[in-house]
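Below is one structure, written out as structure tokens, with a few remarks after it.
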Amino acid sequence: MIKLSSTAATRTNPSLLCSSWRTGVSVLCTAFLTSVCFAQGEPPRSIDVGSLPATVVDEVVVPVPTEVFGVLDKLGSPNWHEVLRPVKTESLGTRTQVALLLGVTIAEGFIAVEAQEPEAVKKIGRQVLSLSKAIGVQKSVISRTSSIIEAADKKDWQTIRLEFDGASKDVKQAMIELKDAELAQLVSLGGWLRGTEALTQVVGKNYSKDGAELLHQPAILDYFQRKLDTLNKHLKETGVVKKIARRLPELHTLIEPAGGVSPQKVEKIHSITAELVKTIFSQD
Amino acid sequence: MKTIVSFTLALFFLLCSAQATVDDALSFALQAAQPYVKEGFTVREDYWGGDLPAKQPKAIVQQLFKGNEYWFWMGTDVASAKISVHVYDADGKLAEAEYWRNKPHMAAARVVPKVSGSYYLIVEIEKSPMERTHWSLAYGFR
């Protein structure tokens with residue numbers, strides 16, 4: 001999972017999502033780990049995450065949209081039918097674009113589940129397969145998409161959620177095995193952008209402080225920014241990637257501080273993420 | 001040539017063996033999750049894993065959302081190892097509502113976030129007869 005400054009520190013299981021340690025963010029947290037003794041009885045009530053040098057696992061598990069949408073459902077009854085949109089992938093474009101589209105499409109699958117639209121779910125399941133085929137990782141998701149379609153017929157929403165989550169993990173893993181780890185990050189990024197666009201649409205329509213707080217995701221934005229910074233030159237120069245990289249810092253400013261995402265900020269975040277998702281669909 | 005083949009085979013089996021132990025650690029983490037799945041927790045298919053020496057804890061940054069409840073389950077393949085997982089908020093305050101670590105192969109912590117944002121998961125091999133111990137961490141939410 002992890003590539004620390006010393007590879008001996010923690011070794012990677014290549015089958016897992018997480019693959020590397022990094023020292024950049026590390027200032028945040030971990031030297032205290034060696035000085036604070038967790039092993040003796042109760043854990044300390046508090047730790048100083050700021051003043052001690054540290055090493056943290058670089059990879060971040062990007063939350064599935066359900067983690068966010070579930071909270072929105074508890075806060076009210078969003079109209080997910082309004083949020084759901086048809087997925088168009090007739091012209092597929094470059095591998096970069098397809099990776100981003102895969103993420104967007106899987107996120108759309110979660111929205112279709114929230115909207116409880118079995119036909120949309122089935123269509124999205126087939127789109128996931130078609131996009132996976134375009135970048136040579138279809139084998140990894142064939143059984144997932146079959147399960148999605150089967151579960152949609154039974155309206156087994158929980159199974160569909162799990163299968164979309166699994167499909168996302170499997171395509172990323174297949175990309176990593178094909179030495180395309182950078183593309184795998186783009187799948188996560190595409191999914192996050194569409195998920196955030198959907199979230200801001202719902203929160204913007206019926207603003208609440210608790211709903212808006214869901215947008216406070218600094219670790220995720222830090223992670224994506226780091227990943228985009230370290231992409232290879234070829235990917236970095238892609239129009240869509242350049243555009244996303246340019247707007248992420250702006251999004252970072254808007255989601256801070258915790259509890260401080262105003263209706264105006266929600267609207268702005270929505271406008272940026274909607275524009276970026278549109279760019280992903282375009283041939284730019 | 002014979003030496004190269006033998007070396008390659010040895011390396012292959014060594015790698016397979018290392019893989020198996022992390023997978024075993026994961027299977028214990030997922031086993032720890034089982035009772036909670038029955039209580040309505042959805043388990044993410046993404047998870048962390050690796051190997052660590054004893055008493056050298058590591059930190060993982062994780063986004064958690066207010067309004068959800070989370071369980072983090074840690075597993076190891078070494079039955080006699082003592083492992084733990086604890087969760088701190090962005091200010092460094094212990095954030096877990098409860099934890100346990102008294103079962104062989106497993107430890108867990110539950111969090112009901114007071115705010116949405118970044119949290120620090122601290123995983124540790126507290127004691128182990130092995131020089132390095134495989135571990136895996138999974139999580140679920142409802």
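So you know, we letter chains A, B, ... as the sequences are listed, proteins then strands, and number each from 1.
Checked by atom type, the side-chain pair B:D23/B:H134 shows no donor-acceptor distance below 3.5 Å. Neither side chain, A:S140 nor A:Q173, offers a donor N or O lying under 3.5 Å from an acceptor on the other. If you check the side chains of A:H270 and A:Q201, you find no donor sitting under 3.5 Å from an acceptor.
Ring geometry for B:F41 versus B:Y36: interplanar angle over 60°, hence perpendicular rather than tilted (30 to 60°).
Heavy atoms closer than 4.5 Å to chain A are found in the backbone of B:A90, but not in its side chain. Residue contact with chain B, scored on non-hydrogen atoms closer than 4.5 Å, involves the backbone and the side chain of A:L162 alike. In this structure, the portion of B:R142 lying under 4.5 Å from any heavy atom of chain A is its backbone and not its side chain. Residue A:T66 touches chain B through both its backbone and its side chain, counting heavy-atom pairs closer than 4.5 Å. Contacts of B:Y99 with chain A are made by side-chain atoms alone, with heavy-atom separations under 4.5 Å and no backbone atom involved.
For the pair B:P129/B:V78, a side-chain contact is recorded, criterion being any heavy-atom separation below 4.5 Å from C-beta on.
For the options B:G67, B:A54, B:S116, heavy-atom pairs under 4.5 Å to chain A are most numerous at B:S116. Contact tally against chain B (heavy-atom pairs below 4.5 Å) for A:D165, A:L75, A:L215: the top residue is A:D165.
Side chain of B:R132 to backbone of B:D51: a donor-acceptor contact under 3.5 angstrom is found.
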